Amino acid sequence: MSRRVKEMLTENNELEKQLSDEGKKVLTDIVVYLRGVPVSMYEQEKVRRDITQMLIDGEERGTSAGEVIGDDYREFCDSIVAEIPHMSGKEKVLVFIRDTLPALVVLLVIWCAGRLAEVLAGVLPSFICPVTLGNLVGGILLLAGAEGLITLLTKYAFERSRSFNMKWGAILAVVFIAAVCVNYLITYKLFSIHLGLAVVLTLAIFVAYRILDFSVD
């Protein structure tokens, strides 16, 4: 993330410490919800700063969060977000790519570690490793599951209940299990790649993520 976003994050984290535990819980739900709206993180943090200060001022007056911002936190957030400049289509694509790359790096690291273990164990005869259709489909399922989880956490930040969490937790668990099964059961080889090249590719993707993270608010 850019320097100005980092600075505002640090300032907001310090400001939040002035809230009571109840105020922090309300603010956490609000921040989670804001992470899912189509505005830049810089704008999100500006809103977070203003709401935090509102809650702090309210607590100093002996006023609860519900009395300060109303009982419908979603409506309150939506009314604020409606007044903020939204991201353009290009910015949305860049943010999506930026947020997806770390998960892709993790998957590639796991894949490389697995292939290295197979080479050391003698399962693979050399460092030329096959990439299967199962690897590709399983990876896509895991990325989709991770994106779905984030969407659920943000969209339903104010409505989550125990039954809701159990329902979607079960669905996501099925997606994860399906991804693992597909990865191992579908062995059709798409192509082969040297393990060293796969490591270089992983590092290149990580560098791309860092560049995007620094340039996108």
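In this text, all values refer to a predicted model and were calculated from it rather than measured experimentally. By convention here, the first residue in the shown sequence is residue 1.
Within the 4.5 Å cutoff, the side chain of L116 has heavy atoms near those of the F127 side chain. Between L104 and Y209, every side-chain heavy-atom pair lies at or beyond the 4.5 Å cut-off. Looking at heavy atoms from C-beta onward, L195 lies in side-chain contact with C112 at the 4.5 angstrom threshold. The shortest side-chain heavy-atom distance between N135 and T132 falls under the 4.5 Å cut-off. Between L201 and L197 there is no side-chain heavy-atom pair separated by less than 4.5 Å. Contact check for V81 versus L34: side-chain heavy atoms found under the 4.5 Å cut-off. You'll find the side chain of P130 reaches within 4.5 Å of the side chain of L124, heavy atoms only. I80 places none of its side-chain heavy atoms less than 4.5 Å from the side chain of D50.
Between Y33 and the choices D78, T154, T28, the side-chain hydrogen bond (donor to acceptor under 3.5 Å, both in side chains) rule is met once, by D78. Results of the side-chain contact (heavy atoms from CB on, under 4.5 Å) test with R210 over D213, L212, V207 single out D213 as the only residue that passes. No option in R4, R35, K6 other than R35 meets the salt bridge (Lys or Arg N to Asp or Glu O under 4.0 Å) test with E45.
Within a 6.0 Å radius of CZ in F76, more than 12 heavy atoms belonging to other residues, nucleotides or ligands are found. Annotation for K155: atom NZ does not count as buried by contact number, only 12 or fewer foreign heavy atoms lying within 6.0 Å. In E22, the CD atom is not crowded: 12 or fewer heavy atoms of neighbouring residues, nucleotides or ligands sit closer than 6.0 Å.
Nearest approach of R98 to P102, heavy atoms of both residues: O-CD, 3.0 Å. Across every non-hydrogen atom of S126 and V119, the tightest pair is O-CG2, 3.3 Å. The two residues E75 and D72 come nearest to each other via the heavy atoms N-OD1, 3.0 Å. The two residues A103 and L143 come nearest to each other via the heavy atoms CB-CD2, 3.5 Å. Here the shortest heavy-atom pairing between S192 and I128 reads CB-CG2, 3.8 Å. For G138 against V182, the heavy-atom pair with the smallest separation is N-CG1, 3.9 Å.
In this structure, I140 is a member of the same hydrophobic cluster as F191, with clusters built from ILVMFWY side-chain heavy atoms closer than 4.5 Å. Residues L101 and L136 do not share a hydrophobic cluster, defined by chaining ILVMFWY side chains whose heavy atoms lie under 4.5 Å apart. Grouping the Ile, Leu, Val, Met, Phe, Trp and Tyr side chains by contacts below 4.5 angstrom, directly or via other members, places L141 apart from V106. With hydrophobic clusters built from ILVMFWY side chains whose heavy atoms lie under 4.5 angstrom apart, Y184 shares a cluster with L142. V137 is connected to I193 through a chain of hydrophobic side-chain contacts under 4.5 Å among Ile, Leu, Val, Met, Phe, Trp and Tyr, so both are in one cluster.
A distance of 10.5 Å separates CG of L133 from CG of N183, quoted to the nearest 0.5 Å. Between the CG atom of L27 and the OG1 atom of T52 there is a distance of 4.0 Å, given to the nearest 0.5 Å. Between the CZ atom of R74 and the OH atom of Y156 there is a distance of 7.5 Å, given to the nearest 0.5 Å. One finds the OG1 atom of T202 at 10.0 Å from the CG atom of L107 (value rounded to the nearest 0.5 Å). Taking CD of E11 as the reference point, atom CZ of R49 lies at 8.0 Å (rounded to 0.5 Å). Distance check, rounded to the nearest 0.5 Å: CG of L15 to CD of Q53 gives 5.5 Å.
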I'd like to know whether V37 forms a side-chain contact (heavy atoms from CB on, under 4.5 Å) with I84, so could you lay out the CA-CA distance, the side-chain angles of the two residues, the decisive distance to 0.1 Å, and finally the verdict. CA-CA 11 Å; V37 301; I84 302 174; over 6 Å; no

Go through the steps to decide whether R115 and E118 satisfy the test salt bridge (Lys or Arg N to Asp or Glu O under 4.0 Å), and finish with yes or no. CA-CA 5 Å; R115 300 298 79 75; E118 290 178 345; 2.9 Å; yes

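In this view, E91 and M87, S88 satisfy the side-chain contact (heavy atoms from CB on, under 4.5 Å) rule, not counting sequence neighbours. In this view, E16 and R48 satisfy the salt bridge (charged side-chain N to carboxylate O under 4.0 Å, His left out) rule, not counting sequence neighbours.
Ring-plane geometry between F158 and Y73 is classed as perpendicular, the angle between the planes exceeding 60 degrees on a 0 to 90 degree scale with a lower cut at 30.
Side-chain contact, T10 with N13: no donor N or O sits under 3.5 Å from an acceptor N or O. Residues S40 and E43 bring no donor and acceptor atom of their side chains to less than 3.5 Å of each other.
Not a single donor-acceptor pair under 3.5 Å links the side chain of Q18 to the backbone N or O of I56.
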